[in-house]
Amino acid sequence: MDPKSIPQISLNNGQKIPQFGLGVYQISSDEECEKACLEAIKQGYRHIDTAHIYGNEKGVGSAIKKSKIPRNEFFITTKLWINDFGEGKSIKEIDNMLKRLDTDYIDLLLLHWPKNDYVGAYKDMEKAYEKGIVKSIGLSNFHDDSLKKILNICKVKPAINQIELHPYAQRKDVREDCKKENIKIEAWYPIGHGNKDLIDNPLFSKLAKKYNKTNAQIILRWHIQEGFIIFPKSTNPIHIKENIEIFDFNLSDEEMEEIRKLDKKKMYVNW
Ligand code: NAD
(Lines give C-alpha, C1' and ligand atoms only; values in the text may rest on other atoms or scores of the structure.)
Protein backbone atom coordinates (compact mmCIF):
# COMPACT_ATOMS: atom_id res chain seq x y z
CA MET A 1 0.00 0.00 0.00
CA ASP A 2 1.31 3.43 -0.95
CA PRO A 3 1.38 5.44 2.33
CA LYS A 4 0.06 8.41 0.32
CA SER A 5 -3.24 6.53 -0.21
CA ILE A 6 -3.99 6.75 3.51
CA PRO A 7 -6.23 9.77 4.27
CA GLN A 8 -4.86 12.51 6.53
CA ILE A 9 -7.08 14.18 9.14
CA SER A 10 -6.50 17.85 10.01
CA LEU A 11 -6.33 18.57 13.73
CA ASN A 12 -7.50 21.77 15.46
CA ASN A 13 -3.91 23.11 15.53
CA GLY A 14 -3.30 22.62 11.80
CA GLN A 15 -1.23 19.41 12.20
CA LYS A 16 -2.19 16.38 10.11
CA ILE A 17 -2.47 12.77 11.25
CA PRO A 18 -2.76 9.65 9.06
CA GLN A 19 -6.22 8.21 9.70
CA PHE A 20 -4.81 4.68 9.92
CA GLY A 21 -1.84 3.14 11.73
CA LEU A 22 -0.55 0.29 13.91
CA GLY A 23 -1.38 -0.08 17.62
CA VAL A 24 1.24 -1.85 19.74
CA TYR A 25 -0.65 -2.56 22.98
CA GLN A 26 0.28 -5.91 24.60
CA ILE A 27 3.44 -6.34 22.56
CA SER A 28 5.57 -6.60 25.65
CA SER A 29 9.11 -6.86 24.29
CA ASP A 30 10.98 -4.20 22.33
CA GLU A 31 12.22 -6.89 19.92
CA GLU A 32 8.73 -8.14 19.10
CA CYS A 33 7.47 -4.58 18.80
CA GLU A 34 10.32 -3.61 16.45
CA LYS A 35 9.52 -6.65 14.30
CA ALA A 36 5.79 -5.84 14.08
CA CYS A 37 6.53 -2.16 13.30
CA LEU A 38 9.04 -3.08 10.56
CA GLU A 39 6.51 -5.46 9.00
CA ALA A 40 3.85 -2.72 9.13
CA ILE A 41 6.23 -0.10 7.68
CA LYS A 42 6.95 -2.51 4.81
CA GLN A 43 3.18 -2.66 4.15
CA GLY A 44 2.88 1.17 4.05
CA TYR A 45 2.03 2.03 7.67
CA ARG A 46 3.52 5.36 8.83
CA HIS A 47 1.54 5.94 12.04
CA ILE A 48 2.28 4.04 15.27
CA ASP A 49 0.36 4.28 18.54
CA THR A 50 2.30 3.30 21.66
CA ALA A 51 2.35 4.32 25.37
CA HIS A 52 4.84 4.36 28.22
CA ILE A 53 2.85 1.63 30.01
CA TYR A 54 3.10 -0.70 26.97
CA GLY A 55 6.84 -0.95 27.67
CA ASN A 56 7.82 -0.94 24.00
CA GLU A 57 8.65 2.67 23.05
CA LYS A 58 12.26 1.62 22.40
CA GLY A 59 11.07 -1.00 19.92
CA VAL A 60 9.07 1.67 18.05
CA GLY A 61 12.08 4.02 17.94
CA SER A 62 14.46 1.33 16.72
CA ALA A 63 12.06 0.21 13.97
CA ILE A 64 11.88 3.78 12.67
CA LYS A 65 15.68 4.08 12.64
CA LYS A 66 16.10 0.67 10.98
CA SER A 67 13.53 1.48 8.28
CA LYS A 68 15.86 4.26 6.99
CA ILE A 69 12.71 6.26 6.13
CA PRO A 70 12.98 9.92 7.23
CA ARG A 71 11.52 10.62 10.69
CA ASN A 72 9.19 13.30 9.29
CA GLU A 73 7.34 10.69 7.24
CA PHE A 74 6.16 9.02 10.47
CA PHE A 75 3.48 9.96 12.96
CA ILE A 76 4.28 8.68 16.46
CA THR A 77 1.84 8.81 19.36
CA THR A 78 2.70 7.94 22.94
CA LYS A 79 0.89 8.39 26.25
CA LEU A 80 1.90 9.58 29.70
CA TRP A 81 1.07 7.02 32.36
CA ILE A 82 -0.89 8.11 35.46
CA ASN A 83 2.04 7.52 37.88
CA ASP A 84 3.96 10.23 36.02
CA PHE A 85 1.20 12.85 36.26
CA GLY A 86 2.00 16.12 38.06
CA GLU A 87 3.22 19.61 37.19
CA GLY A 88 7.03 19.56 37.00
CA LYS A 89 7.02 15.73 37.08
CA SER A 90 5.41 14.94 33.72
CA ILE A 91 7.83 17.17 31.80
CA LYS A 92 10.74 15.01 33.04
CA GLU A 93 8.94 11.91 31.83
CA ILE A 94 8.47 13.51 28.40
CA ASP A 95 12.28 13.81 28.17
CA ASN A 96 12.55 10.11 29.05
CA MET A 97 10.03 9.27 26.33
CA LEU A 98 12.09 11.15 23.75
CA LYS A 99 15.14 9.12 24.79
CA ARG A 100 13.28 5.80 24.64
CA LEU A 101 11.76 6.66 21.25
CA ASP A 102 15.20 7.88 20.11
CA THR A 103 13.70 11.00 18.56
CA ASP A 104 13.72 14.75 19.17
CA TYR A 105 9.95 15.20 18.95
CA ILE A 106 6.70 13.30 19.56
CA ASP A 107 3.90 13.88 17.03
CA LEU A 108 1.09 13.35 19.52
CA LEU A 109 1.24 12.99 23.29
CA LEU A 110 -1.85 11.92 25.26
CA LEU A 111 -2.78 11.66 28.94
CA HIS A 112 -3.59 7.95 29.16
CA TRP A 113 -6.43 8.02 31.73
CA PRO A 114 -8.22 10.74 33.74
CA LYS A 115 -6.66 9.72 37.06
CA ASN A 116 -4.30 11.33 39.63
CA ASP A 117 -3.08 14.87 38.92
CA TYR A 118 -4.10 15.00 35.25
CA VAL A 119 -4.47 18.80 35.35
CA GLY A 120 -0.80 19.18 36.37
CA ALA A 121 0.22 16.70 33.67
CA TYR A 122 -1.78 18.61 31.05
CA LYS A 123 0.04 21.84 31.99
CA ASP A 124 3.37 20.07 31.46
CA MET A 125 2.20 18.79 28.07
CA GLU A 126 1.38 22.40 27.16
CA LYS A 127 4.94 23.41 28.10
CA ALA A 128 6.36 20.63 25.92
CA TYR A 129 4.05 21.77 23.09
CA GLU A 130 5.32 25.36 23.42
CA LYS A 131 8.92 24.06 23.30
CA GLY A 132 8.09 22.22 20.07
CA ILE A 133 9.14 18.79 21.37
CA VAL A 134 5.52 17.66 21.14
CA LYS A 135 3.60 18.64 17.99
CA SER A 136 0.06 17.94 19.25
CA ILE A 137 -1.43 17.13 22.64
CA GLY A 138 -4.58 15.33 23.65
CA LEU A 139 -6.47 13.00 25.94
CA SER A 140 -7.41 9.37 26.22
CA ASN A 141 -10.47 7.99 28.02
CA PHE A 142 -11.70 11.45 29.09
CA HIS A 143 -15.44 12.20 29.20
CA ASP A 144 -17.99 14.31 31.08
CA ASP A 145 -16.35 15.99 34.12
CA SER A 146 -12.73 15.11 33.28
CA LEU A 147 -13.16 16.46 29.74
CA LYS A 148 -14.85 19.64 31.03
CA LYS A 149 -12.09 20.15 33.58
CA ILE A 150 -9.37 20.09 30.91
CA LEU A 151 -11.40 22.38 28.63
CA ASN A 152 -11.74 24.86 31.52
CA ILE A 153 -8.04 25.03 32.37
CA CYS A 154 -6.35 24.55 29.01
CA LYS A 155 -4.39 27.16 27.09
CA VAL A 156 -3.89 24.70 24.22
CA LYS A 157 -7.04 22.79 23.35
CA PRO A 158 -6.68 18.99 23.17
CA ALA A 159 -6.51 17.89 19.53
CA ILE A 160 -7.58 14.28 20.15
CA ASN A 161 -9.60 12.11 22.52
CA GLN A 162 -8.71 8.41 22.20
CA ILE A 163 -11.56 6.23 23.48
CA GLU A 164 -12.88 2.68 23.29
CA LEU A 165 -15.11 2.69 20.20
CA HIS A 166 -16.37 -0.07 17.87
CA PRO A 167 -19.74 -1.04 16.37
CA TYR A 168 -20.99 -2.42 19.73
CA ALA A 169 -19.97 0.75 21.67
CA GLN A 170 -20.33 3.78 19.40
CA ARG A 171 -19.93 6.37 22.19
CA LYS A 172 -22.29 8.98 20.73
CA ASP A 173 -22.27 11.20 23.86
CA VAL A 174 -18.49 11.63 24.07
CA ARG A 175 -18.30 12.05 20.30
CA GLU A 176 -20.81 14.91 20.39
CA ASP A 177 -19.00 16.65 23.25
CA CYS A 178 -15.71 16.38 21.35
CA LYS A 179 -17.20 17.49 18.03
CA LYS A 180 -18.40 20.76 19.59
CA GLU A 181 -14.79 21.50 20.59
CA ASN A 182 -13.25 20.27 17.31
CA ILE A 183 -11.48 17.43 19.12
CA LYS A 184 -10.96 14.46 16.79
CA ILE A 185 -11.79 10.92 17.90
CA GLU A 186 -9.38 8.00 17.90
CA ALA A 187 -11.05 4.60 18.31
CA TRP A 188 -9.24 2.03 20.45
CA TYR A 189 -10.35 -1.62 20.30
CA PRO A 190 -11.56 -0.84 16.74
CA ILE A 191 -12.30 -4.56 16.17
CA GLY A 192 -13.22 -5.15 19.82
CA HIS A 193 -9.75 -6.46 20.75
CA GLY A 194 -10.36 -9.37 18.38
CA ASN A 195 -13.66 -10.34 20.05
CA LYS A 196 -15.28 -13.15 18.01
CA ASP A 197 -18.85 -12.18 18.88
CA LEU A 198 -18.28 -8.75 17.30
CA ILE A 199 -16.17 -9.85 14.32
CA ASP A 200 -18.47 -12.75 13.43
CA ASN A 201 -21.65 -10.66 13.45
CA PRO A 202 -23.73 -11.86 10.44
CA LEU A 203 -23.98 -8.32 9.04
CA PHE A 204 -20.20 -8.15 8.67
CA SER A 205 -20.17 -11.63 7.10
CA LYS A 206 -22.80 -10.53 4.57
CA LEU A 207 -20.87 -7.37 3.64
CA ALA A 208 -17.56 -9.23 3.57
CA LYS A 209 -18.99 -11.60 0.98
CA LYS A 210 -20.37 -8.72 -1.10
CA TYR A 211 -17.06 -6.78 -1.19
CA ASN A 212 -14.72 -9.79 -1.17
CA LYS A 213 -13.15 -8.58 2.07
CA THR A 214 -12.86 -10.07 5.57
CA ASN A 215 -15.23 -9.21 8.43
CA ALA A 216 -12.40 -7.29 10.16
CA GLN A 217 -11.85 -5.20 7.02
CA ILE A 218 -15.56 -4.30 6.90
CA ILE A 219 -15.44 -3.07 10.51
CA LEU A 220 -12.24 -1.09 9.89
CA ARG A 221 -13.74 0.47 6.74
CA TRP A 222 -16.80 1.52 8.77
CA HIS A 223 -14.49 3.38 11.18
CA ILE A 224 -12.73 5.13 8.30
CA GLN A 225 -16.02 6.29 6.73
CA GLU A 226 -17.22 7.51 10.15
CA GLY A 227 -14.10 9.71 10.27
CA PHE A 228 -12.43 7.96 13.22
CA ILE A 229 -8.67 7.54 13.46
CA ILE A 230 -7.75 3.85 13.95
CA PHE A 231 -4.68 1.72 14.62
CA PRO A 232 -5.66 -1.96 14.85
CA LYS A 233 -3.03 -4.07 16.59
CA SER A 234 -1.43 -7.16 15.15
CA THR A 235 1.92 -8.93 15.16
CA ASN A 236 0.71 -11.37 12.50
CA PRO A 237 2.02 -10.33 9.04
CA ILE A 238 -1.16 -11.61 7.37
CA HIS A 239 -3.40 -9.44 9.58
CA ILE A 240 -1.01 -6.45 9.33
CA LYS A 241 -1.39 -6.59 5.53
CA GLU A 242 -5.12 -7.32 5.64
CA ASN A 243 -5.90 -4.45 8.00
CA ILE A 244 -4.39 -1.76 5.75
CA GLU A 245 -6.16 -3.04 2.62
CA ILE A 246 -9.35 -1.09 3.28
CA PHE A 247 -8.92 1.89 0.97
CA ASP A 248 -10.17 0.31 -2.27
CA PHE A 249 -13.90 -0.03 -1.54
CA ASN A 250 -16.80 1.98 -0.08
CA LEU A 251 -19.69 0.96 2.13
CA SER A 252 -22.96 2.56 0.99
CA ASP A 253 -24.88 5.04 3.17
CA GLU A 254 -27.45 2.30 3.88
CA GLU A 255 -24.74 -0.15 4.95
CA MET A 256 -23.13 2.47 7.20
CA GLU A 257 -26.55 3.02 8.78
CA GLU A 258 -27.09 -0.73 9.26
CA ILE A 259 -23.78 -0.93 11.16
CA ARG A 260 -24.73 2.13 13.26
CA LYS A 261 -27.82 0.18 14.37
CA LEU A 262 -25.59 -2.52 15.96
CA ASP A 263 -24.68 -0.16 18.80
CA LYS A 264 -25.50 -1.71 22.17
CA LYS A 265 -23.27 0.45 24.37
CA LYS A 266 -21.21 -2.65 25.11
CA MET A 267 -17.76 -1.62 26.25
CA TYR A 268 -15.19 -4.38 26.75
CA VAL A 269 -13.30 -2.34 29.38
CA ASN A 270 -15.38 -0.86 32.18
CA TRP A 271 -14.14 2.15 34.08
P1 NAD B 1 -7.96 -4.28 18.34
O2 NAD B 1 -9.43 -4.01 18.26
O3 NAD B 1 -7.04 -3.58 17.42
O4 NAD B 1 -7.79 -5.85 18.22
C5 NAD B 1 -6.52 -6.42 18.12
C6 NAD B 1 -6.62 -7.94 18.18
O7 NAD B 1 -7.48 -8.42 17.15
C8 NAD B 1 -5.24 -8.57 17.90
O9 NAD B 1 -4.61 -8.88 19.10
C10 NAD B 1 -5.58 -9.81 17.12
O11 NAD B 1 -5.79 -10.85 18.03
C12 NAD B 1 -6.88 -9.49 16.47
N13 NAD B 1 -6.76 -9.10 15.04
C14 NAD B 1 -6.01 -8.11 14.49
N15 NAD B 1 -6.22 -8.03 13.17
C16 NAD B 1 -7.13 -9.00 12.89
C17 NAD B 1 -7.77 -9.41 11.67
N18 NAD B 1 -7.52 -8.81 10.51
N19 NAD B 1 -8.65 -10.43 11.76
C20 NAD B 1 -8.93 -11.03 12.94
N21 NAD B 1 -8.37 -10.69 14.10
C22 NAD B 1 -7.48 -9.67 14.07
O23 NAD B 1 -7.56 -4.05 19.87
P24 NAD B 1 -6.29 -3.42 20.59
O25 NAD B 1 -5.00 -3.82 20.07
O26 NAD B 1 -6.42 -3.71 22.02
O27 NAD B 1 -6.48 -1.87 20.29
C28 NAD B 1 -5.84 -1.21 19.22
C29 NAD B 1 -4.88 -0.19 19.72
O30 NAD B 1 -5.57 0.82 20.46
C31 NAD B 1 -3.85 -0.71 20.73
O32 NAD B 1 -2.82 -1.48 20.15
C33 NAD B 1 -3.40 0.56 21.36
O34 NAD B 1 -2.49 1.23 20.52
C35 NAD B 1 -4.71 1.32 21.48
N36 NAD B 1 -5.37 1.18 22.80
C37 NAD B 1 -5.48 2.28 23.59
C38 NAD B 1 -6.07 2.18 24.82
C39 NAD B 1 -6.19 3.41 25.69
O40 NAD B 1 -6.57 3.31 26.86
N41 NAD B 1 -5.86 4.57 25.17
C42 NAD B 1 -6.59 0.96 25.30
C43 NAD B 1 -6.47 -0.15 24.46
C44 NAD B 1 -5.88 -0.02 23.21
Side-chain angles (χ1 to χ4, degrees), residues 1 17-28 32-33 36-37 39-40 43 45 47-57 59-60 63 75-82 85 101 106-115 118 137-143 146-147 158 160-171 174 178 183-201 204-205 208 211 213-224 228-246 266-271:
M1 169 75 58
I17 179 170
Q19 198 184 352
F20 178 91
L22 179 75
V24 295
Y25 177 45
Q26 291 177 334
I27 306 182
S28 52
E32 206 195 341
C33 181
C37 290
E39 181 62 35
Q43 295 299 336
Y45 290 60
H47 168 184
I48 298 166
D49 183 274
T50 183
H52 180 190
I53 197 70
Y54 302 169
N56 56 24
E57 288 166 314
V60 172
F75 192 101
I76 306 303
T77 298
T78 190
K79 312 180 195 89
L80 275 167
W81 186 239
I82 55 174
F85 286 2
L101 288 164
I106 294 163
D107 295 275
L108 173 64
L109 181 63
L110 307 178
L111 299 184
H112 209 142
W113 285 89
K115 301 261 175 261
Y118 61 81
I137 59 176
L139 308 170
S140 178
N141 303 307
F142 281 58
H143 61 108
S146 55
L147 181 61
I160 290 280
N161 194 12
Q162 184 181 120
I163 54 172
E164 180 180 346
L165 200 171
H166 43 76
Y168 285 173
Q170 298 188 22
R171 311 297 305 278
V174 195
C178 289
I183 298 171
K184 294 287 189 252
I185 295 292
E186 291 189 335
W188 61 257
Y189 276 20
I191 49 172
H193 201 52
N195 181 277
K196 286 292 252 177
D197 175 51
L198 172 70
I199 296 181
D200 291 345
N201 184 291
F204 303 134
S205 304
Y211 290 104
K213 291 282 173 184
T214 65
N215 290 30
Q217 286 172 316
I218 298 294
I219 302 176
L220 295 171
R221 181 68 209 175
W222 172 80
H223 281 279
I224 294 293
F228 309 140
I229 299 156
I230 49 169
F231 23 81
K233 175 244 173 168
S234 186
T235 51
N236 172 347
I238 295 167
H239 284 162
I240 289 175
K241 183 167 186 293
E242 174 183 323
N243 292 346
I244 198 173
E245 289 177 340
I246 53 169
K266 180 182 170 39
M267 312 237 300
Y268 292 106
V269 179
N270 284 310
W271 40 280

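Remember, predicted model here, so these are calculated numbers, not experimental data. Side chains are part of it too, since the values below use all heavy atoms of this structure and drop only hydrogens, waters and symmetry mates. Whatever order the structure lists them in is the order used to number ligands and atoms, beginning at 1.
Pairs passing the salt bridge (Lys or Arg N to Asp or Glu O under 4.0 Å) check and including a residue from residues 228-237, sequence neighbours excluded, do not occur. Within the structure, the side-chain hydrogen bond (donor to acceptor under 3.5 Å, both in side chains) test picks out the following pairs touching residues 189-198 (sequence neighbours left out): Gln26-His193, Asn195-Tyr268.
Less than 4.0 angstrom separates some heavy atom of Glu242 from each of these atoms of ligand 1: 17 (C), 18 (N), 19 (N). Near Pro232, meaning under 4.0 Å from one of its heavy atoms, ligand 1 places the atoms 3 (O). When each atom of ligand 1 is checked for a heavy atom of Ala216 under 4.0 Å away, the hits are 17 (C), 18 (N), 19 (N).
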- request: Check step by step if side-chain contact (heavy atoms from CB on, under 4.5 Å) holds for Phe85 and Leu80.
  value: CA-CA 7 Å; Phe85 286 2; Leu80 275 167; 3.8 Å; yes
task: Apply side-chain contact (heavy atoms from CB on, under 4.5 Å) to the pair Tyr54 and Cys33, showing each step before the final yes or no.
output: CA-CA 10 Å; Tyr54 302 169; Cys33 181; over 6 Å; no
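Relative to atom 37 (C) of ligand 1, the option among Lys196, His112, His166, Gln162 with the closest non-hydrogen atom is Gln162. Of the options Tyr268, Tyr54, Tyr189, the smallest heavy-atom separation from atom 27 (O) of ligand 1 is shown by Tyr189. In this comparison of Gln26, His193, Lys241, His239, the heavy atom closest to atom 17 (C) of ligand 1 sits on His239.
Between Tyr118 and Phe142, the angle of the ring planes goes over 60°, which puts this pair in the perpendicular group of the 30/60° scheme.
Considering Ile106, Leu108, Leu109, Val60 as possible partners of Ile76, the one that fulfils the side-chain contact (heavy atoms from CB on, under 4.5 Å) test is Val60. The ring-ring contact (aromatic ring centres under 6.0 Å, His included) test with Phe20 is passed by exactly one of Phe231, Phe228, Tyr45: Tyr45.
Contact between Asn215 and Ala208 at its shortest, heavy atoms only, is OD1-CB, 3.4 Å. Taking every heavy atom of both residues into account, Pro158 and Gly138 meet most closely at CB-CA, 4.0 Å. Across all non-hydrogen atoms, the minimal contact from Pro190 to His166 is O-CB, 3.5 Å.
With a 4.0 Å cut-off on non-hydrogen atoms, Lys233 touches ligand 1 through its backbone as well as its side chain.
At least one N/O-N/O distance between Pro190 and ligand 1 falls below 3.5 Å. The shortest N/O to N/O separation between Ser234 and ligand 1 does not fall below 3.5 Å. For ligand 1, one of its N or O atoms has an N or O atom of Val24 under 3.5 Å away.
When hydrogens are left out, the protein atom nearest atom 13 (N) of ligand 1 is Ile191 CD1, 3.6 Å; that is the closest non-hydrogen contact. Ranking protein heavy atoms by distance to atom 34 (O) of ligand 1, first place goes to Asp49 OD1, 2.7 Å. Nearest protein neighbour of atom 18 (N) of ligand 1, counting heavy atoms only, is Asn243 OD1, 2.8 Å. The protein heavy-atom contact nearest to atom 42 (C) of ligand 1 is Trp188 CD2, 3.2 Å. Among protein heavy atoms, the minimum distance from atom 29 (C) of ligand 1 is reached at Phe231 O, 3.5 Å. Protein heavy atom at the shortest distance from atom 40 (O) of ligand 1 is Asn141 ND2, 2.9 Å. Given atom 31 (C) of ligand 1, the protein heavy atom at minimum distance is Tyr25 CB, 3.3 Å.
The shortest side-chain heavy-atom distance between Cys178 and Leu147 falls under the 4.5 Å cut-off.
For atom 11 (O) of ligand 1, no protein heavy-atom neighbour is found at a distance under 4.0 Å.
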